[in-house]
Amino acid sequence: MRIRVVNPNTTRAMTETIERCAKAVAGPGTRLDAVTSEMGPASIESHYDEALSIPGLLAAIQRGEQEGIDGYVIACFGDPGLDAARELAGGPVLGIAEAAMHAASHLGCGFSVVTTLNRTIGRAGELAHRYGMQRFCRGVHACEIPVLALETDPQARKIVTEACRVAVEADGSDAIVLGCAGMADLCEHIRDEIGVPVVDGVAAATLTVQSLLTLGVRKSGRGEFAAPLTKPYSGLLSSFGV
Ligand code: 2AL
C-alpha cells in the first residue's frame with residue numbers, strides 16, 4: 001500500500017521531521033512518503049494561514065490520485081482542507097488532530113492538547129467538538145512557541161515538555177495530544193519525562209490510514225464526500241477545475 005503524508009505548510013525541514021516520524025511507525029508492507037505543499041504559508045498558525053494552505057494541499061492530493069496513492073495524512077493540527085481532500089481522494093484521508101484525539105480517547109478518561117501559539121487554541125477546541133471529542137478533551141494549552149521555532153529554538157523541547165506537565169496537572173487529564181506536526185519528534189521524550197501517554201498525530205494518523213487500508217475499506221463516495229462536480233475555475237485557481 002502507498003500512503004502519502006502531506007505537509008500543508010511549505011517548510012521542507014518540517015516535512016523531513018514528519019516523514020521520519022511517520023516512517024518509524026509504518027509497517028513493512030507500506031510504501032510511505034511525505035511531500036511539502038508547493039504553495040502557501042511557511043507555517044500554519046492563524047485562520048488566514050489555514051485558508052491559504054488549502055489550495056496547495058488539494059493540489060498535492062490531486063497529484064497523489066494521479067500517482068495511485070492509496071491513502072493520505074494531512075500533517076497539520078488544524079486538519080486544513082480535510083473535507084475537500086476527502087472529496088478528491090478515493091482512499092482514506094486522515095487529519096492529525098482527528099487521529100490523535102481518537103487515539104488518546106482510548107487511553108484514559110480525558111486528554112489535554114498542547115498547541116503552539118495561544119491563537120490556535122480556538123481551532124483545536126472547535127475540532128474536538130467537531131469530532132465528538134469534547135467529552136475527552138479536558139483542555140487546550142499553548143506553549144507560545146511559533147511553529148517554525150520548534151525546529152530552531154534550542155529551548156523548544158524543554159518548553160513543550162513543561163507545558164505538557166502543567167496541562168496534565170491543571171486539567172486532571174490522563175494523556176497528552178501534541179498540537180502540532182512539528183512536535184512529532186518530541187513525543188517519546190515527553191512521554192518519558194511526564195509519565196502519561198503522549199500521542200503524536202502524525203504517527204496516529206499514519207497508523208489509522210494503514211489500518212483502514214488493511215481492512216480493505218476506502219472513503220465512502222456515496223454522499224457528501226462524492227467527487228466534486230466538474231466546473232470551470234478561474235484566475236489563479238484555474239487548474240483546480242476537476
Ligand atoms: C501547525 C501544524 O501542525 N503545522 C503548522 O504549520 N501549524 N499547528 C499549530 N498548532 O500551529
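Atoms within each ligand, like the ligands themselves, are counted from 1 in listed order. Sequential numbering from 1 along the given sequence is applied to the chain's residues.
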- Treat each ILVMFWY residue as a node, draw an edge where side-chain heavy atoms are under 4.5 Å apart, and state whether Val196 and Val199 are in one component. no
- Message: Check whether Glu45 reaches the backbone of Thr116 with its side chain - one donor and one acceptor, N or O, closer than 3.5 Å.
- Response: no
- Task: Just say parallel, tilted or perpendicular for the rings of Phe111 and Phe136, cut-offs at 30° and 60°.
- Result: parallel
- Query: Could a heavy atom of Met14 be found less than 4.0 Å from some atom of ligand 1?
  - Reply: yes
- Item | Sub-4.0 Å heavy-atom contact, Gly179 with ligand 1 | yes
- Message: For atom 3 (O) of ligand 1, what is the closest protein heavy atom, and at what distance to 0.1 Å?
- Response: Ala181 N, 2.8 Å
- Message: Within the 4.0 Å heavy-atom shell around Thr115, which atoms of ligand 1 are there?
- Response: 10 (N)
- Heteroatom distance test (Phe77, ligand 1): nitrogen or oxygen, under 3.5 angstrom: yes
- Query: Measuring from the heavy atoms of Gly182, does anything fall under 4.0 Å of ligand 1?
  - Reply: no
- Identify, for atom 9 (C) of ligand 1, the protein heavy atom at the shortest distance, and state residue, atom and that distance. Thr116 OG1, 3.4 Å
- Sub-4.5 Å side-chain heavy-atom contact between Thr214 and Met1: yes
- Worked check of side chain to side chain donor-acceptor pair (under 3.5 Å) between Tyr72 and Glu65: CA-CA 10 Å; Tyr72 302 86; Glu65 289 302 281; 2.5 Å; yes
- Over 12 foreign heavy atoms within 6.0 Å of CD, Glu144: yes
- For ligand 1, find out whether one of its N or O atoms is nearer than 3.5 Å to an N or O atom of Ser43. no
- Query: Judging by distance only, is a nitrogen or oxygen of Asn9 under 3.5 angstrom from one on ligand 1?
  - Reply: yes
- Is the count of non-hydrogen atoms from other residues, nucleotides or ligands lying under 6.0 Å from Glu67 atom CD greater than 12? yes
- Under 4.5 Å between any side-chain heavy atoms of Phe225 and Ser220, yes or no? no
- Any N or O on Ala75 sitting closer than 3.5 Å to an N or O of ligand 1? no
- Is Ile44 touching ligand 1 with its side chain, its backbone, both, or neither, if touching means heavy atoms under 4.0 Å apart? both
